[in-house]
Number of protein chains: 2
Amino acid sequence: MNKRKSLIRTDTKHSIMDAAEYMFARNGYKGTSLRAITGRAGVNLAAVNYHFGSKKVLLEAVLLRRIQPLNLERRRRFEEIRDNARKLRKKPEAELILKAFIEPVFYFGESDPGSKDFITLIGRAIVDPDDTVRKVFHKFMRSIFELLFKMMSEALPGLSRDVIFWRLHFTIGAMAHAMRICSPDMKELAHSGTATDTSAVIEHLIRFVSKGMKARR
Amino acid sequence: MNKRKSLIRTDTKHSIMDAAEYMFARNGYKGTSLRAITGRAGVNLAAVNYHFGSKKVLLEAVLLRRIQPLNLERRRRFEEIRDNARKLRKKPEAELILKAFIEPVFYFGESDPGSKDFITLIGRAIVDPDDTVRKVFHKFMRSIFELLFKMMSEALPGLSRDVIFWRLHFTIGAMAHAMRICSPDMKELAHSGTATDTSAVIEHLIRFVSKGMKARR
DNA sequence: ATACAATTAAAACAGATGTTTGAATATAAG
DNA sequence: CTTATATTCAAACATCTGTTTTAATTGTAT
C-alpha cells in the first residue's frame with residue numbers, strides 16, 4: 001500500500017525533527033551535533049542528510065513546522081481585530097493586537113507536548129549568535145512583523161514610526177526572554193517561590209508591554 | 001625591569017581578550033574557534049591555554065573585565081538614589097532605578113571603542129544557548145539583579161513579588177534585545193530610515209519599561 | 001517470485017576543534 | 001656572561017564535526 005510506505009518515511013523524518021527541536025532548543029544550533037540528534041531519534045546518522053540534505057535545511061524544517069501554523073493563527077486574529085474595529089468604526093486596540101501576537105506562541109507550546117521545546121527554540125532563534133539560525137528565523141518572521149507594525153500604527157496613530165518600531169522590538173525582546181525563562185531547564189533563574197505558571201506569565205507580559213506601548217510621546 | 005616584563009605579558013593577554021570579545025560578540029562562544037581568536041590577536045594558538053588555561057576561563061575573563069566596572073557603576077548609582085530618597089523621606093523612584101540599571105551598559109559601550117562589542121556580547125550572553133556562557137554570566141549578574149529587585153520593591157511597594165520579578169525580567173529582555181539590535185552587524189533588522197542612535201534608543205527603552213513597570217496591579 | 005525503487009546501515013571522508021608537548025626564544029637577576 | 005624563569009612557537013594530539021559513499025535491507029508493484 002502507498003499509505004504504509006509514506007507512513008514509515010515520515011516517521012523517521014518526524015523523529016528526526018522532534019529530536020532536533022529538543023536538542024536545538026537546549027544546546028543551540030552549533031551546540032547540537034547530528035550524532036546527538038540521530039542518537040536521540042534512534043535513527044541512523046546518514047538519515048539526516050538523506051531526508052533533509054543538510055543540517056541547515058533540517059533547522060529550517062524544524063522552525064517552519066511550528067512557525068507556519070503559529071503565524072497563520074496570528075494573521076487570523078489580526079484580521080478578526082481589524083474586522084471588529086471596522087464594524088465599530090473605531091481604531092483597533094493596541095492591547096488586543098499584542099495579545100494576538102503573543103498568546104499563540106505560548107498556547108501552541110501548551111497544546112502539543114512536544115512543542116514545549118519549541119517555545120525555547122523560538123525564544124532563542126530570535127537572538128542566536130549563529131548567522132544560519134538568525135537569518136532563517138528572520139526570513140520567516142519578517143512579514144508577520146511588518147503586519148504587526150502596520151496594525152500598531154493604526155492603533156496608535158499619535159506615535160512616530162521610530163517609536164513604534166522600537167517599542168515593538170522591546171516587546172519582542174521581553175516576550176523572547178519570558179519564553180526562555182519558561183523553558184524547562186531555565187527555571188533555575190526564578191526566585192524560589194516565584195510562579196512560573198505559563199498563563200500567569202502571559203498576563204503579566206501583556207499588561208507590561210501594552211502599558212509601555214501606549215506611553216505618551 | 002619588572003615593568004617591561006609584565007607589560008609584555010599583559011599585552012598578549014589583552015590582545016587575546018580584545019579579539020575574543022570581538023569574535024564572541026559576533027559569532028557566539030561555540031561559533032568562535034581559538035584559532036580565529038589568536039589569528040585576529042596576532043598571537044600563537046597556544047597562548048590562550050598558556051595564559052588562561054582554557055577557552056572557558058578566557059570567556060570568564062572577557063566577561064568579568066567589563067561586568068565588574070559596569071556593576072560597580074550601577075551600585076554607585078543605586079546608592080545615590082537611596083541616599084536622595086532618604087533625605088527627602090520619599091520612596092526611590094522606579095524610573096531612576098531603571099535608568100541606573102540600563103544607562104551604564106550603553107554608555108560603557110560608547111566610551112571605550114573596543115567595548116562596543118561588549119554591548120553585543122552582554123546582550124547575547126544573557127541568552128546564549130551554551131551552558132558555559134549562561135552560567136558564567138548569571139554567576140556575575142545574580143547579585144546585581146537581587147539588588148535591583150530590592151530597590152524596585154521599595155519603589156513600588158504596592159506590587160507583589162511575582163509581578164516585580166516578572167516585570168524586571170521583561171525589562172532585561174527588552175534591554176538585551178535593544179542591545180543586540182544596536183550591535184554593528186544587526187542594523188539589518190531596522191526598517192529603512194529608523195534611527196539607531198544609541199542615546200535615542202536608551203530614552204525610548206527607559207520610557208517603555210518604566211511605564212510597564214509602574215502599571216497598576 | 002521478480003524487478004524496481006526507497007530506505008536504512010556501517011564505514012570512511014576531509015576538515016575543524018580544544019588542548020598538549022617540547023624545543024626555541026626572550027627576559028630578568030646573579 | 002651565566003643561569004633561571006617566563007614566554008613564544010610550530011607541530012602533533014585525540015576527538016568531534018557534517019557529509020559522502022557503498023552495500024544491505026525493506027517495501028511495492030508487476
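Residue numbers begin at 1 in each chain, while the letters A, B, ... track the order of the sequences. Only heavy atoms go into these numbers, but all of them, side chains included; no hydrogens, no water, no symmetry mates.
Of the residues in residues 39-46 of chain A, those placing a heavy atom less than 4.0 Å from an atom of DNA chain D are A/L45, A/A46, in numerical order. Of the residues in residues 54-63 of chain A, not one places a heavy atom less than 4.0 Å from an atom of DNA chain C.
If you take CZ of A/F52 and C1' of D/dT20, they are 18 Å apart, rounded to a whole angstrom. Between A/K30 atom NZ and C/dT17 atom P there is a gap of 8 Å when expressed in whole angstrom units. Between B/H51 atom NE2 and D/dC9 atom P there is a gap of 10 Å when expressed in whole angstrom units. With rounding to whole Å, B/I16 atom CD1 is found 11 Å from D/dC9 atom P. Distance A/M23 CE to D/dG18 P: 11 Å, rounded to the nearest Å.
Residues B/R207 and B/H204 have side chains that never bring a donor and an acceptor to within less than 3.5 angstrom of each other.
At most 12 heavy atoms of other shown residues, nucleotides or ligands fall within 6.0 angstrom of atom NZ in A/K99. In the displayed structure, A/K211 atom NZ is contacted under 6.0 Å by at most 12 heavy atoms of other residues, nucleotides or ligands.
Here the nucleotide nearest the side chain of B/S33, chosen from C/dT7, D/dT19, C/dT17, is C/dT17. For A/Y50, taking side-chain heavy atoms from C-beta onward, the closest of the listed nucleotides C/dT8, D/dT8, C/dG18 is C/dT8. Here the nucleotide nearest the side chain of B/N49, chosen from D/dG18, C/dT8, C/dT20, is C/dT20. Here the nucleotide nearest the side chain of B/R35, chosen from D/dG18, C/dT19, C/dT8, is C/dT19.
For A/F101, there are no ring-ring contact (aromatic ring centres under 6.0 Å, His included) partners, not counting sequence neighbours. With sequence neighbours left out, A/L159 forms a side-chain contact (heavy atoms from CB on, under 4.5 Å) with A/L156, A/V163, A/I164, A/R167. Applying the side-chain contact (heavy atoms from CB on, under 4.5 Å) criterion to A/L64, with sequence neighbours excluded, gives A/Q68, A/F140. Applying the side-chain contact (heavy atoms from CB on, under 4.5 Å) rule to B/T32 yields the partners B/M23, B/F24, B/N27, B/I37; only residues at least two apart in sequence or on another chain are considered.
Residue contacts for A/T38: at a heavy-atom cut-off of 4.0 Å it reaches no nucleic acid atom on any strand shown.
Remark: A/R66 is not positioned above the aromatic ring of A/F108, lacking an NZ or CZ atom under 6.0 angstrom from the ring centre and at most 45 degrees off the axis.
Nearest-nucleotide assignment on DNA chain D puts the 5′-proximal partner with A/A36, out of A/A36 and A/G53.
A sub-4.0 Å separation between OP1 or OP2 of D/dT8 and a side-chain N or O of B/T12 is present.
The ring-ring contact (aromatic ring centres under 6.0 Å, His included) test with B/F208 is passed by exactly one of A/F170, A/W166, A/F165: A/F170.
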